[in-house]
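Following: one structure in structure tokens, then a few remarks.
Throughout, protein chains are lettered first and strands after them, A, B, ... in sequence-line order, and every chain is numbered starting at 1. As a basis for the values below, the full set of heavy atoms in this structure was taken, side chains included, without hydrogen atoms, waters or symmetry mates.
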2 protein chains.
Amino acid sequence: MNLKTLAENLGLSQTTVSRALNGYPEVSEATRQRVQDAAVRFNYRPNSRAKGLATGRSMVVAQIVPGSSEHEMVNPIFGDFVGGATEALARFGYDMMITRVLEDDQDKIYRELHARGAVDGVILQGPSVEDARIPLLNDIGMPYIVHGRSTGMTAPYSWVDVNNRRSFRRATQFLTDLGHRRIGLINGLEYMDFAHRRRQGYCEALEAVGVAEDPALLCSADMTEGYGYRETRRMLALDNPPTAILSASMLSAIGIRRAIQDCGLVMGRDVSVITHDDDLSYLRNGEDIPIFTATRSSVRAAGAILAEQLISLIAEPDHAPIQHMLEAELVVGASTGPAPRRT
Amino acid sequence: MNLKTLAENLGLSQTTVSRALNGYPEVSEATRQRVQDAAVRFNYRPNSRAKGLATGRSMVVAQIVPGSSEHEMVNPIFGDFVGGATEALARFGYDMMITRVLEDDQDKIYRELHARGAVDGVILQGPSVEDARIPLLNDIGMPYIVHGRSTGMTAPYSWVDVNNRRSFRRATQFLTDLGHRRIGLINGLEYMDFAHRRRQGYCEALEAVGVAEDPALLCSADMTEGYGYRETRRMLALDNPPTAILSASMLSAIGIRRAIQDCGLVMGRDVSVITHDDDLSYLRNGEDIPIFTATRSSVRAAGAILAEQLISLIAEPDHAPIQHMLEAELVVGASTGPAPRRT
DNA sequence: TCGTCTCTCCAAAGCGGTTTGGAAAATTGG
DNA sequence: CCAATTTTCCAAACCGCTTTGGAGAGACGA
């Protein structure tokens, strides 16, 4: 059923039917009712592509998933983020398209996506420090919003981000307040902006209590369970092991907990742990009381906010850049306690 | 830059330019070269919507993410699955669209997606036993393929699935061969088809050694870490606790391990554990040697296969239903050992 | 030299909507 | 009752591409 046959069935012109359905005022209420009823009866839906052609909008937002090779790690937050974003997008009649792109032809794909008119806007995921995609998108002139920020960017751009520096500063300070001085940081990849900022916050808090950072207590890699385990084992084997560890993700934290137990220690007593918690639906930090003390910020909620902001950027192309800072909450769980007295 | 202006620039008709770019033989090699060069020079890309309108194909495949409420759990496999699928889709020029849909208006959304002509085909995720979406899609007449199967379906349909029953039968048998007779099953939600089948396999293997199933050793829920922990604690507190546990996911298995340790027992010695492992990129089962003995089947690979099969279904609308069975491999890790002698 | 084939290329008709610029009909005001 | 509005509807152009049905130009054989 297309507009033409629907109009014929009603004995009206396509114009009138189109207007009736799209809520234009140039059509009487009686006619509008009649048209709407018929549309429902015939299960009529305007063809997306035709509508898009005519209006110049695709009502689709893209999320580009980078992946340099077959074995690239998928970001665990992907599912929840998309869940939050699609829900918000659906409310405004938008769909989300996922495009996978190899590192090397980022440029090409973004340009093509725009030239093809396939999408109205783009969500940029996982920005690195000085991310090259930002100037690229500025150049292309397609609405976009970044999930996170990119240190070192001079040009303005729209973003939604958690205050990673502050949250890790607070977390570290929480530990120093408890008397900890040897604090490990099991961080994400530090060319990623979020990890870069978390490290800054950590360093600032250490500096505030006059502790110099120790390279042996720092590491940076993909945030897996095994990584958390391995690095914790390494740190606990040091002559001067940490009494507390900061973790960049729940998964690493689970590995950290395992390592602590395997060393015959008790988490929260011998070694305190604070982790960042994205509040993933399939990886909850405990049920009633949190297992880990954590800096918590729902990535799902972030997805919804990004989607809404992107839509307003699309609606108003020369809107000033949107900059939306989210604060992580510091929730206290069972994994932290006062620094053990030096024996 | 659109076809018209490109043609004008070249002094050719739109027809010729279109044909030159799409590889039709009615155009001389010299002209084709000239056209292609110009297309590159002007960075011309045919508009997706216009092309779709003209050809009647959208070159988009949808994946519907069900979600009944705000707090619905996102399936942890989502990211890897989409990664595998989009990669395969991209090879054939397809994009993937994610649509979120509330349980209650599944019907409406599928029908609309088809009527709107927004997508050429659909991937159905997470089928339940007797899933109502399958007859619905048959009725609508849109190409689709199911990730998993649906017990109790009479109508034929296309699917790609892991042989869940066999793999859990083998896993259970592996344990009975080691002398285990008290074996717990910490299963996924059993209205989901995969969980239903795994339970069947488990029961079959127990029956083979004459062991009756014990309701106290069975449970079914969303597969979280906390769930694995809680149920393991419960089972280990029984008068007659299990000596082995089967887990439906890595996440639950991690909780199971934690519970075993918290009870002062050793996994692989006091309690054996086998888990299903979807080989998620962010949740690897150990690095060199597997932590858990596991039935392993890459969900990422499954995504790629589903995508390819769906594309062939789209290309050939009256293709016979595709039924592709994947076998999980049983990899032996450090979490299993002979049944401890009854003391 | 002329009809017949190929080779190239093109004008125009869709695909299914939206939107502009009127025109006919109904309403209002004097 | 008639002119001036307002209301209601429509024909046709347009969005950017593909594809059908030729047409013109050389090449070829007779």
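At least one side-chain nitrogen or oxygen of B:T31 sits closer than 4.0 Å to the OP1 or OP2 atom of C:dC9.
If you measure from atom CZ of B:R57 to atom C1' of D:dC17, you get 16 Å, rounded to the nearest angstrom. Put simply, CZ on A:R49 is 13 Å from C1' on D:dT18, counting in whole angstrom units. Following rounding to the nearest Å, A:E8 (CD) and D:dC9 (P) show an atom-to-atom distance of 18 Å. Atom CZ of A:R32 and atom C1' of D:dT7 are 13 Å apart (whole Å). D:dC9 atom P lies 11 Å from atom CG of A:L10, rounded to whole Å. For the pair A:L12 CG and D:dC9 P, the computed distance is 7 Å after rounding to whole Å.
Checking A:R133, A:Q63, A:H147 one by one against A:L124, the side-chain contact (heavy atoms from CB on, under 4.5 Å) holds for a single residue, A:R133.
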Can you check each nucleotide of nucleotides 17-26 of chain C against protein heavy atoms at under 4.0 Å and return B for base, S for sugar-phosphate only, - for none, in 5' to 3' order?
BBBBB-----
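At distances below 3.5 Å, at least one donor-acceptor pair connects side-chain atoms of A:S58 with backbone N or O atoms of A:A118. In this structure, the side chain of A:N22 does not engage the main chain of A:R19 through any donor-acceptor pair within 3.5 Å.
Within the 4.5 Å cutoff, the side chain of B:V122 has no heavy atoms near those of the B:L310 side chain. Residues A:F81 and A:I123 form a side-chain contact, since some pair of their non-hydrogen atoms from C-beta on lies under 4.5 Å apart.
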B:S150/B:D193 under side-chain hydrogen bond (donor to acceptor under 3.5 Å, both in side chains): CA gap, chis, key distance, verdict
CA-CA 6 Å; B:S150 180; B:D193 194 77; 5.1 Å; no
